[in-house]
Every structure is written in C-alpha cells, then in structure tokens.
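Right, one structure below, let's go through it.
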Amino acid sequence: MPTVTASIDIQKIRSLFPVLEQEVNGKPLIYFDNAASSQTVKPVVDALTHFYEKDHANIHRGIHTLAERSTKAYEETRERVSEFINAGEADEIIFTKGTTESINLVAQSWGSKFLSKGDEIVISQLEHHSNIVPWQLAAERSGAVIKVIPINEKGEILLDQYKSLLSSKTKLVAVNYISNSLGTINPVKEIIEAAQNVGAITLIDAAQAAPHIQIDVQELNCDFLALSSHKMYGPTGVGILYGRRDLLEAMPPYQGGGEMIKDVSFNGTTYNDIPYKFEAGTPNIGDVIAFKYAMDFIDELGHENIQAYEHELLEYANTRLESIPGFRAIGTADYKASVISFLIDNVHQYDLGQLLDVRGVAVRTGHHCTQPLMDHLGIDGTVRASFAVYNTKEEIDVFCDALQSIVKKFS
C-alpha cells in the first residue's frame, strides 16, 4: 500500500462533516456505515444551498440568466466526472439516479437490442442485487442465460473458473469493482481483458470503488461503468453511467419525454444526441451541480492518500477485532477495501447492531443486498463496519471496546 502523506489532516477533514459532531443515544456518533452511504462533505451542502437560494432554474431550454447559470454548472459537473474517471469525452457521461438506475439503463436499452435467446450473461457470486436482478429481467425478456463466477473461501473471484465460463455465447460480463459486503477488490482489468477476448461487452459496478481507489475507464478499457454520488461524500439521488460512444449511440432511448428528443410529431420522433438521449425530463439539477464538489474533495486529498489511510484503519481494526472472543471475519481477501464483515458466536447480528447503536456506533446488519452471496456462505447476514477517510483509530477503539462489553454479557 502507498504511504500516507502529510496532506491527510484528519481533524481538518472531520471539520468538513458537521454531522460527526453530534451525539447519538448520549454518545459521540461513530459512523461506520460508509459502504451504505458516506456522509456529505460541507462544500456539497453549501453548493446545494447556493443553488436553491440563487440559481434555481430548469436547464438547457431557458435563455434567461438563471437558466444559463444552472445549465453551465450542470454541464461543468459532467466535465468533472469525465476527468474524474478519465473518460474519452464528457458526452460519454449519462446522469442517472445512481448505480442501480445506470445498470438498469444498460440492461433494458442495450439488452433489448443486443441480447437474444441462448446468449449468456456472466456475473459474479459477489454481486449486489442491483447487478443481479436487472440481468435476470433482461434474460427473461430475451431468453438469455445467466452464468455465475464462483468465489473461494476468502471471498475472491476464481479467475480460472471465470475464464472457463466464457465462450462465443458470452455477450456481457457485469461485475463489481469492490464487493459491498466483503470489501474484496476484484481484478477487474483481467476480467475485462478475458471478456474482450471472446467479444463480450463489460460493465463495471464501481459504486464502492469510486471513493476509495482511482478509476480510469480508458486504462481499464471497460465498455460501461456505473457509480453513485452518495458513496463519494456527495448528495443522494445522483449517479452516472459511463458508456463508450459507439455503444451509447447504438442503444435505443431508455425513457421518453422532454430533453431526449430533437423533433416530435404524431407521426414519429427523432431522438437527441448522447448524452441527452438518455436523460429524459427535468433532472436532479441541484444535486448534480453539488456532486462536483464531492469529486473535488476526493481529488484534493488524493486517492492514494485516502486508500493508504483507510488501509491503516482496516489493519488496525482487524488486529483489535481478532482478540474478541467468538469473532469470525466473513471475507478475508488478500486485496480489500476498508470493509469488515463479521459474526460473533452466540450473538445475533441484529442484537449486535442495536447494542452498538445504543453506544453511538452505527454499523450495518443483514444481507447487504447480497442474498445469493449469503446463501452461498451459509449465513443469513453479517455485521458490517465500513470505514471512510474521516474515521479514526480512536473510534475503532471505542467500537472494539463496545463489542468486548457486549460479548461479555452474552457469555
């Protein structure tokens, strides 16, 4: 892992997240539910306030000053996303509600045109429901077949078995960059290369990756990539789909309405150019504009610094947790993001979650929208602690001490 530089000033970072200053149940809030949704950095909140107080107007169609200001700021975010993931051009960035809608867009639009009976869709055992169900629906519509990449006991994709699944029938491979349940960082570049060798299209779910590691879609050479703002210290209700221009231009519209058209008559309609062909109706203007400031925050810190610091937190937490009686880690991949899923013998996951909340510690319990993975592991869920760049070792100490106290009561 890279070395943390002096640019990581934790107290300065924490000051940009006022939500962390509150108490929950009479205890200082410790927020370890970042894989579900990170907290929102203050410049994002300020940008939202500014938009609704100063610039609120619909975009693209107005010629008055407020409309022009809103349109300019909205399109600046598109350019910013393009830079953030190193897309070839800003027009390859489609704004959506989030990763889920982005995947559904591809499954319905690309899938309706390019999937046929007998074609094969490959996904992994590690996928979130949002990268499973859209493909099941696409398979039902087209007659395609879904194949699943198996994992080992550590929660790592078995690459040899993955490659054995591929054939001339494989039309699409859709995998996550980082598992939301286990934190496994997948070898997506190798997965993409193998898919391309058989002529398959690739989609990468980067929802968990975007706040932690540098994404370069040109270096990865993926065909589609999806991510969500709210995992990246930004607002909810905003995400993007990156797609190669030639693919986006070949795909039919996802929804009909305003903005996605050039000309409409009762005899027929001609559609707008990308990206607008896929952005029907009035979008989530203020949140898209504010999203830019979340990416600025991440880039100012630097992905290498963020990843190194979060890895320190992960290693520290693992060391502390291993000493707790009955602790069992679920997902022990060699290459992981700052996510720890675990169980403790004789204490139900929901009890652990509630008792930690009493102590001001927010964690996630349940199947984490990965029921097929949990079924494969023979469990109904886990406790998940996920760390962000504003978390500290002192918070981990409180968390681990709280777990020790809870375990003693159940022993």
Side-chain angles (χ1 to χ4, degrees), residues 10 13-14 16-25 27-41 44-45 98-100 128-130 176 178-184 205 207-212 227-237 239 294 297-298 306 309-310 313-314 316-318 320-321 329-331 336-344 347-371 373-374 380-403 406:
I10 296 304
I13 290 169
R14 287 179 66 86
L16 296 174
F17 295 88
V19 66
L20 301 176
E21 298 172 6
Q22 67 180 296
E23 290 189 347
V24 172
N25 295 319
K27 304 289 185 181
L29 171 63
I30 295 175
Y31 187 79
F32 286 170
D33 194 21
N34 296 287
S37 193
S38 59
Q39 294 298 333
T40 310
V41 70
V44 168
V45 179
T99 302
T100 297
H128 189 281
H129 295 164
S130 62
N176 57 38
I178 295 178
S179 164
N180 71 299
S181 286
L182 306 184
T184 306
D205 170 0
Q208 296 296 329
H212 301 295
L227 57 79
S228 296
S229 161
H230 74 99
K231 310 280 191 184
M232 303 166 57
Y233 314 107
T236 58
F297 168 73
I298 291 171
I306 292 171
Y309 178 71
E310 290 174 345
L313 295 179
L314 179 67
Y316 184 77
N318 279 329
R320 286 288 325 260
L321 288 166
I330 308 296
K336 281 191 62 169
S338 51
V339 173
I340 298 177
S341 266
F342 66 93
L343 294 171
I344 291 181
V347 189
H348 195 276
Q349 49 170 302
Y350 293 135
D351 292 333
L352 281 170
Q354 290 179 331
L355 292 169
L356 285 168
D357 183 60
V358 169
R359 293 160 171 80
V361 182
V363 295
R364 180 70 48 158
T365 59
H367 55 63
H368 317 301
C369 292
T370 56
Q371 281 185 288
L373 171 61
M374 296 299 154
D380 60 2
T382 68
V383 180
R384 184 185 68 190
S386 49
F387 311 127
V389 72
Y390 45 63
N391 291 129
T392 67
K393 291 179 181 178
E394 290 76 16
E395 289 180 319
I396 290 170
D397 285 336
V398 173
F399 164 60
C400 293
D401 290 345
L403 280 175
I406 292 167

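Quick caveat: nothing in here was measured; it's all calculated off a predicted structure. Along the sequence shown, the residues carry numbers beginning at 1.
Without hydrogens or angle criteria, Gln208 side chain to Ala35 main chain gives a donor-acceptor distance under 3.5 Å. No donor-acceptor distance shorter than 3.5 angstrom exists from the side chain of Ser228 to the backbone of His230, with no hydrogens or angles considered. In this structure a side-chain-to-backbone donor-acceptor pair under 3.5 Å is present from Ser386 to Asn34.
Every residue two or more places apart in sequence or in another chain that forms a ring-ring contact (aromatic ring centres under 6.0 Å, His included) with Phe342 is listed here: Phe327. Under the rule for a side-chain contact (heavy atoms from CB on, under 4.5 Å), the partners of Ser341 that lie at least two apart in sequence or sit in another chain are Leu182, Ile330, His368, Thr382, Arg384. Shown here are the salt bridge (Lys or Arg N to Asp or Glu O under 4.0 Å) partners of Arg320, two or more places apart in sequence or in another chain: Asp397, Asp401. Judged as a salt bridge (Lys or Arg N to Asp or Glu O under 4.0 Å), and not counting sequence neighbours, Lys27 has no contacts. For Phe387, the ring-ring contact (aromatic ring centres under 6.0 Å, His included) partners are Phe32, not counting sequence neighbours.
Looking at heavy atoms from C-beta onward, Ile340 lies in side-chain contact with Leu314 at the 4.5 angstrom threshold. Looking at Glu395 and Pro28, their side chains never come closer than 4.5 Å, going by heavy atoms from C-beta outward. Within the 4.5 Å cutoff, side-chain heavy atoms of Leu352 are placed close to those of Ile406. Between Ile13 and Tyr309, the closest side-chain pair of non-hydrogen atoms is not below 4.5 Å. Here the side chains of Tyr390 and Ile10 are not in contact, with every heavy-atom distance at 4.5 Å or above. Taking the side chain as every heavy atom from C-beta outward, Thr99 and Lys231 never approach each other to under 4.5 Å. With a 4.5 Å cut-off on side-chain heavy atoms, Leu313 and Ser338 do not count as touching. In this structure, Ile306 and Pro211 have side chains that are not in contact, with every pair of non-hydrogen atoms separated by 4.5 Å or more.
Taking each heavy atom of Cys369 and His128 in turn, the nearest pair found is CB-NE2, 3.2 Å. When all heavy atoms of Ser38 and Tyr233 are compared, the closest pair comes out as OG-N, 2.8 Å. Minimum interatomic distance between Gln349 and Leu343 (heavy atoms only, all atoms of both residues): CB-CD2, 4.4 Å. The two residues Gly353 and Val363 make their nearest non-hydrogen contact at CA-CG2, 4.2 Å. In plain terms, the two heavy atoms of Ala210 and Ile298 that are nearest each other are O-CD1, 4.4 Å. Heavy atoms only, all atoms of each residue included: Pro235 and Ser229 are closest at O-OG, 2.9 Å.
Separation of atoms CG (Leu321) and OH (Tyr316) is listed at 10.5 Å; rounding is to 0.5 Å. Of the inter-residue distances, the one linking Leu403 atom CG with Ile396 atom CD1 reads 11.5 Å to the nearest 0.5 angstrom. The line from CZ of Arg14 to CG of Leu20 is 5.0 Å long, rounded to the nearest 0.5 Å.
Note: His367 and His129 have tilted aromatic rings, judged against thresholds of 30 and 60 degrees for the angle between ring planes.
Contacts classified as salt bridge (charged side-chain N to carboxylate O under 4.0 Å, His left out) and involving residues 348-371 (residues at least two apart or in different chains) are given here: Asp33-Arg364.
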